[in-house]
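Below is one structure, written out as C-alpha cells; comments come after it.
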Amino acid sequence: MKSSKPYFEVLVVDDEPDVIDVTKVALKNTSIYGSDIRVIPCRSKQSTLELLSEKVKSFTIAIGLIDIRMEGEMSGLELCNYIRYALNNRAINLYIRTGSEDAGLEEEAIKNYEIDGYLSLSQMTRDKLFSIIACGIKNYCSKLLNKTSLEIVRLVINSINANISVKQALSFYIQHFDSVHKSEGLMSGTAVFLDGECIGGAGTLKSPDNIKSVQQSLENSAEITHSDTIPDAAIMRKDENVMFKVGSLTWIESGIPDVPELLLKQVLECRVVPVYQLYNLSKKLRRKQ
Amino acid sequence: MSSNDPYFEVLVVDDEPDMLQISKMVLKNLKIYGAKIKVICCNSKQEAIDFLSTENNNVNICVALIDVVMETENSGLELCDYIRNDLKDHDMNLIIRTGQPGSSVENTVVQQYEIDGYLNKAELNKNKLFSTVHCCIKNYMSKLTPSFSQTFNTYVIAAVDQGLSINEAVDSFMKGPGFPYRPQGLMSGMAICLDGKCINSSGTLASEQEVQTIIKKLEDSTNIIFSEPVGNTIITQQDGNLSYKFKNLLWIEQGVPEMPLADYKSMLVNCIQPFARLCEIENKLRW
C-alpha cells in the first residue's frame with residue numbers, strides 16, 4: 001500500500017540564516033495531531049514570492065513565520081498582503097516575528113495587515129514557539145476543512161443549477177484536486193464512490209489498486225463513528241485514511257492527521273451529507289424534466 | 001452613533017479585580033474594523049458559566065481572556081472545556097492568561113480545548129493585550145462568514161431534501177438552534193427577500209417596516225463595495241447595514257463592521273450565490 005504520513009508545512013521567512021536554523025531545530029521532533037512539522041525556509045520576500053507563485057502551493061502551508069525587515073523596511077508585511085490579497089489565502093496563519101522593539105511598528109502591523117500575531121524574537125522560547133505553532137495549526141486545519149467543504153457544496157449546487165450531473169461535478173472536483181495536490185503531506189489523496197461506482201481518485205488514491213487496498217483496510221479494521229444527527233452517516237478511520245459514508249455515497253480522504261473527531265464530523269455533516277442530499281434532489285429534478 | 005452600530009464583545013474572566021479593571025481600560029479605546037469593543041467581566045469560573053449559559057449570551061463573544069487559577073488550580077481550563085464541549089462553541093477565541101505559558105501541561109491543553117493563545121501575565125502590557133485582542137477579533141471575523149455559510153447551506157439543503165419549501169426551510173433555520181441572533185452588537189439582524197418580497201427577517205430587522213427603511217437607505221447609498229455584471233451582483237454597505245444582491249435574491253444584514261473585501265466576497269460565493277441557485281432548483285422541483 002503506497003502512502004505517506006501527513007505532515008504540516010511551516011514557512012519561515014528571515015534574512016538571518018541563524019533564525020531559520022534555530023527554528024528548524026526547535027520544531028524538529030515536535031508533532032501536532034500526530035503529524036510532523038516540515039520547515040520551508042526562505043531568505044527574502046522575493047524568494048518567497050517565487051516559491052508561492054504556483055498559486056495553489058500556498059494552501060498546503062499551515063503557518064508563516066515572517067520577519068519584517070528584509071530587502072526593504074516593510075518586506076515582511078508586503079509579503080503578508082500578497083498572501084492574503086493576491087493569492088486570496090485566508091487559511092494560512094501569518095505571524096510576524098521581529099527583533100525590533102518598536103511599539104509603533106507593532107501597532108501599524110496589527111491595525112493594517114491581516115496577521116494572526118506579532119511576536120518579539122527577544123521573548124521567544126522553544127515552549128512559546130511550540131504553543132504558537134500548535135494554536136496556528138489547529139486554526140489552519142479547521143479553516144482548511146471548512147473552505148474545502150464550502151467549495152465542494154458550492155460546486156455541486158452550481159452544477160445542478162446548470163444541468164450538469166452531480167457525478168460530473170464530483171469527477172471535475174477530483175480532476176482538479178489531482179492537478180493541485182502534491183500526493184504527499186496534508187490531504188494527499190481523495191476518492192469518491194456513488195451508487196457503487198468509483199467516480200474517480202486523485203493524488204495517492206489515483207490508482208484503482210491503491211483505492212482498493214485503502215478501502216479494504218478501512219472496512220476491515222477501522223474505528224467507526226456514527227453521526228448523532230444523521231441516521232445512516234458514519235466515519236471510518238484508520239491511520240491517515242478516513243472514509244465518510246452516507247447512503248450510496250462513499251468518500252475517502254488520505255493524508256488526514258489525527259485531528260479531533262469533531263472536525264471529521266463537520267466534514268461528514270457539512271460536506272458529504274449535503275452532497276448526497278443534493279444528489280437526491282438532482283435525481284428528483286431529472287425525473288420531473 | 002446609532003443604536004444599531006456593531007460592536008465586538010470580549011469576555012474577561014479573572015479573580016483579581018485589578019486585572020479586570022486594567023483590561024477594561026485598555027480595550028475600551030480600541031476600534032477594530034470601525035467597531036468598538038464591549039468588555040464583559042466575570043470574577044470566577046462559576047460567574048462566567050452563569051453568564052454564558054443565559055439566553056445564548058455566548059453567541060456574540062468574539063474573544064475570552066481567561067485566567068487559569070481562580071476557584072481552583074484549573075478553573076480556567078475547566079471553563080474552556082465548558083465552552084468547547086458543553087456550549088459547543090468553537091468560534092469563540094480562547095486566550096489563557098497564565099504565569100507560565102507553554103509549560104507541558106498547557107501544551108496538552110492547547111490541543112485538547114482548542115485554545116487560541118497564551119498571554120504571559122509577567123509580560124502583559126498595553127501593547128500585547130491590544131495586539132492579542134485585535135488579532136483574535138480579526139481571526140473570529142475571518143471564520144464567522146465561512147462558518148455561517150456552512151451552517152446555513154447544510155441546514156437549508158437538508159430541509160429542502162426533506163420536502164420543505166425554501167420559505168419553510170429558512171423559517172425553520174431562523175427559529176432553530178442554527179441561528180440565535182441577539183438584537184444588538186454584531187450581526188444583530190437579517191432579512192432575506194426573493195423577487196422583491198421579504199420571506200424572512202429577524203433580530204433588529206424583525207419588523208417589515210424597518211426592512212423597507214433599510215432597503216431604501218441601501219438603494220440610495222453610493223457606498224457600493226463590490227459589483228459585477230454576472231447575475232447583477234452588487235454589495236452595498238452603509239452605517240453597519242449591508243446588502244448582497246444577486247439575481248432575484250436580496251440579502252440584508254445589520255450590525256456588520258467594515259470588514260476586508262475578501263470576507264464579503266467569501267459570503268457572496270459561499271452563501272448568497274449557492275442559496276440563490278438552490279432557490280431556483282427548489283422552484284423547478286415545485287413546478
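Side-chain atoms are counted along with the backbone in the values below, which use heavy atoms only and exclude waters and symmetry mates. So that the names make sense, note that chain A is the first sequence line, chain B the second, and so on, each numbered from 1.
- Ranked by heavy-atom pairs under 4.5 Å with chain A, the list Pro260(B), Ser266(B), Gly117(B) is led by Pro260(B).
- Within 6.0 Å of the CZ atom in Arg154(A), the count of heavy atoms belonging to other residues, nucleotides or ligands exceeds 12.
- Under the 4.5 Å side-chain criterion, counting only non-hydrogen atoms from C-beta, Pro146(B) is in contact with Leu150(A).
- Proximity of a side-chain donor or acceptor of Lys138(B) to a complementary backbone N or O of Tyr113(A) within less than 3.5 Å is detected.
- At a 4.5 Å heavy-atom cutoff, Tyr276(A) makes no contact with chain B through either its backbone or its side chain.
- Heavy atoms closer than 4.5 Å to chain B are found in both the backbone and the side chain of Gln277(A).
- With respect to chain A, the highest number of heavy-atom pairs below 4.5 Å among Leu261(B), Thr132(B), Asp263(B), Asn93(B) belongs to Asp263(B).
- For the set Leu262(A), Val153(A), Thr125(A), the entry with the most heavy-atom pairs within less than 4.5 Å of chain B is Leu262(A).
- Within 6.0 Å of atom CZ in Phe172(A), 12 or fewer heavy atoms from other residues, nucleotides or ligands are found, so the atom counts as exposed in its surroundings.
- Residues Asn161(A) and Lys284(B) form a side-chain contact, since some pair of their non-hydrogen atoms from C-beta on lies under 4.5 Å apart.
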Stepwise, does the side-chain contact (heavy atoms from CB on, under 4.5 Å) test hold for Gln266(A) with Thr154(B)? CA-CA 10 Å; Gln266(A) 267 176 16; Thr154(B) 305; over 6 Å; no
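- The two residues Phe130(B) and Glu107(A) come nearest to each other via the heavy atoms CE2-CG, 3.7 Å.
- Shown here is Lys283(A), whose NZ atom has more than 12 heavy atoms of other residues, nucleotides or ligands within 6.0 Å.
- Only the side chain of Lys143(B) comes within contact range of chain A, with heavy atoms under 4.5 Å apart.
- No more than 12 heavy atoms of other residues, nucleotides or ligands lie within 6.0 Å of NZ in Lys245(B), so this atom counts as exposed by the packing criterion.
- Between chain B and the residues Asn146(A), Leu285(A), Ile115(A), the largest count of heavy-atom pairs under 4.5 Å involves Asn146(A).
- Closest non-hydrogen pair, Leu281(A) versus Asp161(B), comes out as CD2-CA, 4.1 Å.
- Ranked by heavy-atom pairs shorter than 4.5 Å toward chain A, the options Ile32(B), Asn127(B), Asp116(B) are led by Asp116(B).
- The SG atom of Cys135(B) lies 10.0 Å from the CD1 atom of Ile96(A); values are rounded to the nearest 0.5 Å.
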Check the pair Ser142(A), His90(B) against side-chain contact (heavy atoms from CB on, under 4.5 Å), reporting the backbone distance first and the verdict last. CA-CA 10 Å; Ser142(A) 76; His90(B) 300 277; over 6 Å; no
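- The choice from Arg84(A), Lys284(A), Lys288(A) that makes the most heavy-atom pairs within less than 4.5 Å of chain B is Lys288(A).
- The two residues Ile115(B) and Cys135(A) have their closest heavy-atom pair at O-SG, 3.2 Å.
- With chain B as partner, the option from Glu269(A), Lys111(A), Glu114(A), Arg287(A) having the largest number of non-hydrogen pairs under 4.5 angstrom is Glu114(A).
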Apply side-chain contact (heavy atoms from CB on, under 4.5 Å) to Asn93(A) and Asn139(B), showing your working. CA-CA 9 Å; Asn93(A) 276 261; Asn139(B) 187 301; 4.3 Å; yes
